[in-house]
Peer 1: 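First the structure, which I've put down as structure tokens, then a few questions once you've had a look.
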Protein chains: 4
Amino acid sequence: MALDTRERVRRAAVKLFAAKGFHGTGIRDLAQESKLSTASLYHYMGSKEELLADIMRDCLRTLLDSATAEVTGVPDPVERLRKLVKLHVRAHARKPRETRIVDHEIHVLTPAARRSVVALRDAYESLWADAVADGVACGAFTTAHPGVTRIALLEMCNGVARWYSPRGSLPLDELAAHYADVALRALGACPQGSAERQSKGE
Amino acid sequence: MALDTRERVRRAAVKLFAAKGFHGTGIRDLAQESKLSTASLYHYMGSKEELLADIMRDCLRTLLDSATAEVTGVPDPVERLRKLVKLHVRAHARKPRETRIVDHEIHVLTPAARRSVVALRDAYESLWADAVADGVACGAFTTAHPGVTRIALLEMCNGVARWYSPRGSLPLDELAAHYADVALRALGACPQGSAERQSKGE
Amino acid sequence: MALDTRERVRRAAVKLFAAKGFHGTGIRDLAQESKLSTASLYHYMGSKEELLADIMRDCLRTLLDSATAEVTGVPDPVERLRKLVKLHVRAHARKPRETRIVDHEIHVLTPAARRSVVALRDAYESLWADAVADGVACGAFTTAHPGVTRIALLEMCNGVARWYSPRGSLPLDELAAHYADVALRALGACPQGSAERQSKGE
Amino acid sequence: MALDTRERVRRAAVKLFAAKGFHGTGIRDLAQESKLSTASLYHYMGSKEELLADIMRDCLRTLLDSATAEVTGVPDPVERLRKLVKLHVRAHARKPRETRIVDHEIHVLTPAARRSVVALRDAYESLWADAVADGVACGAFTTAHPGVTRIALLEMCNGVARWYSPRGSLPLDELAAHYADVALRALGACPQGSAERQSKGE
DNA sequence: TATGAATGAGGGTTCATTCAT
DNA sequence: CATGAATGAACCCTCATTCAT
């Protein structure tokens, strides 16, 4: 039925856009991967670019919504940042292709589509910015350049999508916790009894 | 003379590949940006893909050579890593387009070309790996997962190429020093008298 | 009921074929204008081309039938031609889109369909030819080249479909009468007491 | 050399657009008729539509220029109109395909291109309008509806492009003269010693 | 050195039509 | 009666590349 097919197209696009890039993926590649003719493809998408924009927006909206849910009502900025980092790492490890597409293909979007995507990304990043700012304000974080550090950490976490494999030795939850520790260290939060030290058995 | 023209082509390619991606850049774009006809372009390059591979290899070779020079004969792993991070950040801030191309377009390359590029990248990254391993071995670094941390830090530093602007408020040297501090904190090196604390006036 | 829908499809086709041409009109356009799905369209027409041929034949048959009725039993060739011109002008003014389609899209038709359309057109034009020939034979028309004049007048009258608007200042009956006068002048019939002179107040 | 090829493409387009319509002519048809590949076609034209617009503009400009030259400095409106009709008929008989394209395919053009074509057509038609108006003003023409008559005559003359064949019995010059006589009769100009009567031997 | 001309292959998209439901 | 789904063929146009001059 229609929904399944639409989903098949979506997945084909995610796979190929992530592997070969948007411009490196032809409509015929998408059709083959979706097991559809090129003409049929157009029953399930507006255009190649709209398909891309949809993928990006869905990915970012999911991330934004779950991050907002995770963080709402958490007063401690340290705890908030820890949650954000963990969620971010998990999301990027579980959906590496979607997130890589978001990271790499923004430049192909039409200005209008780009605006909508960037708006979502900015909304998400502001959750990080708030946590960092609050932590600095209350003295929990001691970093000379909070803005730079925030973006550095974001890039670090984005990187997970580029290398993580579920076949690695480190369970995902531990990986996420490790990233959170690295982030808090980077921000100069005194790690009292963090998972990091625990995992070292101290 | 020929060399100048060749350089013009190279720079056009760097500009366009970074801005629109390899597949998003046509030879007509390259010709226009180089102020050459498309046919003339082929006096100065083998093919579009060879041009890309050349750019990538040159970028990586330069990075590898200068990193090797910087690090050779430095016994202290902390100091070595600090130098590596600073160099990396500076290189990515100064040549953001080349380094972004290296990061984003590897999937485009033919297996043969990809191998040569990946070999250079691996050689470079092994300098980081050695420093981290030495630091862990001598107890200077206290991180539960050195391998993961190393790759996390590399991704963090690569990110500089995606956002750094010389018009930012932070001088590049300070930025590089800040990144080095973040990296050492992340690795759990006790930062004694680091630039970070100095810049906070302590 | 089905008949209404069929008529809706017909009218959509007339509108669009006249405005954008047969090849410029897609079945999706037809479906949209008919408020039907493209698939449903095929319940009311054989194919796009058959729809076109039907429109043409209906238009020509109506013209032929009413002209035949108008002219039968009128012995005076001058009067006959006057009636033919008036009818022709009125028909083209009232159904400009159908007649434009007949004029412009014959080349689209398959040979078989074209033959049936051309046969109707020829039958109609022979009414004109007979009137002109009779008029020349009895001395009522004094034109050096009756055949050429006939076709020239036909083209002139066809043109009405290309510019007439009911919002123009001249009532349609007067317009038709004027065309009849022009035609008779062109044929060299001494206009005695024609509408033309009357309208000039003489 | 380039000029020849460009001209070959032009002629192929004129032939095919006239025979099958703009939308009925594919780029592959043009290529085949031009003995070029579809890709090579684009060395000699901007796009299919630009090719069409160029053909239309050239046709109209030629007509406008020669009509202007013909008519300038001719004070007698009767003589002016005779010259205009003759020129128009000759032009449409000699370039029937170009003029049919102008007449039939204007609706295809983009608004911008259409404006430029319509402007030329209007400039040309104003030569006719001036002659008619002058003739009416000085009493040389006695028609109840000069505007309508003018457009009727134009359509009549345009029709030449739809049926004239050089293999017909009437020499082109005589045909043109005949049309001029028909036109002047239609306008109610007393034909004194016109070609029409001469050809009848009176 | 430089480029106009040329092209086979492929780009994304729409075509008119059919058919199972 | 009506339509979503499906498609092979074709749409216009651009691709990276070669070669004669």
Side-chain angles (χ1 to χ4, degrees), chain A residues 1-6 9 22-31 34-52, chain B residues 1-2 4-6 22-31 34-52, chain C residues 1-2 4-6 22-31 34-52, chain D residues 1-6 9 22-31 34-52:
Chain A
M1 50 220 67
L3 223 151
D4 285 18
T5 306
R6 200 176 297 270
V9 170
F22 177 78
H23 284 311
T25 302
I27 225 71
R28 285 157 184 83
D29 299 325
L30 281 175
S34 312
K35 285 168 191 155
L36 245 42
S37 67
T38 58
S40 296
L41 220 48
Y42 283 84
H43 281 278
Y44 301 99
M45 61 180 219
S47 70
K48 203 183 141 197
E49 203 212 321
E50 285 179 43
L51 181 57
L52 172 66
Chain B
M1 54 217 68
D4 282 18
T5 306
R6 197 175 299 269
F22 177 79
H23 283 311
T25 303
I27 35 142
R28 281 157 188 79
D29 300 323
L30 284 174
S34 313
K35 284 166 191 157
L36 245 46
S37 67
T38 59
S40 298
L41 220 49
Y42 283 83
H43 285 277
Y44 301 98
M45 62 180 217
S47 71
K48 205 182 138 195
E49 202 210 322
E50 287 178 44
L51 180 57
L52 172 66
Chain C
M1 53 215 69
D4 282 19
T5 306
R6 198 177 298 270
F22 177 79
H23 283 310
T25 302
I27 35 145
R28 281 157 188 78
D29 300 323
L30 284 174
S34 312
K35 284 165 190 156
L36 246 46
S37 67
T38 58
S40 298
L41 220 50
Y42 283 83
H43 285 278
Y44 302 98
M45 62 179 218
S47 72
K48 205 181 138 195
E49 203 210 322
E50 287 178 43
L51 180 57
L52 173 67
Chain D
M1 50 219 64
L3 222 151
D4 283 18
T5 306
R6 200 175 298 268
V9 171
F22 177 79
H23 284 311
T25 303
I27 226 71
R28 284 158 186 80
D29 300 324
L30 282 174
S34 311
K35 284 165 192 158
L36 246 42
S37 67
T38 58
S40 297
L41 220 47
Y42 284 83
H43 281 277
Y44 301 100
M45 60 181 219
S47 70
K48 204 182 139 196
E49 203 212 319
E50 284 179 44
L51 181 57
L52 173 66

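In the text below, chain A, chain B and the rest are named by the order of the sequence lines, each starting its count at 1.
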Peer 1: Could you state the atom-to-atom distance from CG of A:D29 to P of E:dT13 in whole Å?
Peer 2: 14 Å
Peer 1: Rounded to whole angstroms, how far apart are CD1 on C:I27 and P on F:dT3?
Peer 2: 14 Å
Peer 1: Kindly say whether, by distance alone, the side chain of A:R28 makes a donor-acceptor pair under 3.5 Å with the base of E:dG10?
Peer 2: no
Peer 1: Considering heavy-atom distances to DNA chain E, does C:H43 or B:L36 have its closest nucleotide positioned more toward the 5' end?
Peer 2: B:L36
Peer 1: Taking only the side-chain heavy atoms of D:S40 (C-beta and beyond), determine which of E:dA9, E:dA6, F:dC12 contains the nearest atom.
Peer 2: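 Nearest nucleotide to the side chain: E:dA6.
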Peer 1: Start at the 5' end of DNA chain E and walk down; is the nucleotide closest to A:M45 or to D:S37 reached first?
Peer 2: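 First, find each residue's nearest nucleotide; the 5'-ward one identifies D:S37.
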Peer 1: As a test of reading the structure: which of E:dT17, E:dA5, E:dG8 is closest to the side chain of C:S47, going by heavy atoms?
Peer 2: E:dT17
Peer 1: Please report the distance, rounded to the nearest Å, between OH in D:Y42 and C1' in E:dG8.
Peer 2: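 From D:Y42 OH to E:dG8 C1': 16 Å.
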Peer 1: Find which nucleotide of DNA chain F each of D:E49 and A:L41 is nearest to by heavy atoms, and output the residue with the more 5' nucleotide.
Peer 2: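 The residue whose closest nucleotide sits nearer the 5' end is A:L41.
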Peer 1: The side chain of C:A39 lies closest to which of these nucleotides: E:dT18, E:dT14, F:dC12?
Peer 2: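 Out of E:dT18, E:dT14, F:dC12, the nucleotide with an atom closest to C:A39's side chain is E:dT18.
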Peer 1: Which string of ( ) [ ] | and . matches DNA chain F, if you list each base 5' to 3' and count Watson-Crick or G-U pairs only when both distances are under 3.5 Å?
Peer 2: .||||||||||||||||||||
Peer 1: Start with the C-alpha gap between D:L52 and D:M45, add the side-chain angles, then the distance that decides, and say whether side chain to side chain contact (heavy atoms under 4.5 Å, CB included) holds.
Peer 2: CA-CA 10 Å; D:L52 173 66; D:M45 60 181 219; over 6 Å; no
Peer 1: Locate the shortest heavy-atom distance separating B:T38 from B:L41; write the atom from each residue and the value.
Peer 2: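 Closest pair (atom of B:T38, atom of B:L41, distance): O-CB, 3.1 Å.
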Peer 1: Nearest-nucleotide wise, let me know which of B:G26 and A:T38 is further upstream toward the 5' end of DNA chain F.
Peer 2: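 First, find each residue's nearest nucleotide; the 5'-ward one identifies A:T38.
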Peer 1: Mind calculating the distance between CZ (C:F22) and P (E:dC15) to the nearest angstrom?
Peer 2: 13 Å
Peer 1: Figure out the NZ/P separation between B:K48 and F:dT14, and round it to whole Å.
Peer 2: 16 Å
Peer 1: Looking only at heavy atoms, what is the nearest atom pair of B:R6 and B:H43, with distance?
Peer 2: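 Looks like NH2-O, 4.1 Å.
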Peer 1: So, the side chain of D:K48 versus the backbone of D:G26: is there a donor-acceptor pair under 3.5 Å, distance only?
Peer 2: no
Peer 1: For C:R6 and F:dA2, give me the distance from atom CZ to atom P, rounded to whole Å.
Peer 2: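 Roughly 11 Å, once rounded to whole Å.
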Peer 1: Please give, in whole Å, the distance from F:dA6 P to A:K35 NZ?
Peer 2: 14 Å
Peer 1: How many angstroms lie between atom CD1 of A:I27 and atom OG of A:S37, to the nearest 0.5 angstrom?
Peer 2: 11.5 Å
Peer 1: Could you check whether any side-chain heavy atom of A:L36 comes within less than 4.5 Å of a side-chain heavy atom of A:L30, counting everything from C-beta outward?
Peer 2: no
Peer 1: Let's go through A:Y44 and A:L51 carefully: what are the C-alpha distance in whole Å and the side-chain angles of both, what is the deciding distance for side chain to side chain contact (heavy atoms under 4.5 Å, CB included) to 0.1 Å, and is it a yes or a no?
Peer 2: CA-CA 9 Å; A:Y44 301 99; A:L51 181 57; over 6 Å; no
Peer 1: What is the distance, to the nearest angstrom, from the OH atom on D:Y44 to the C1' atom on F:dC13?
Peer 2: 17 Å
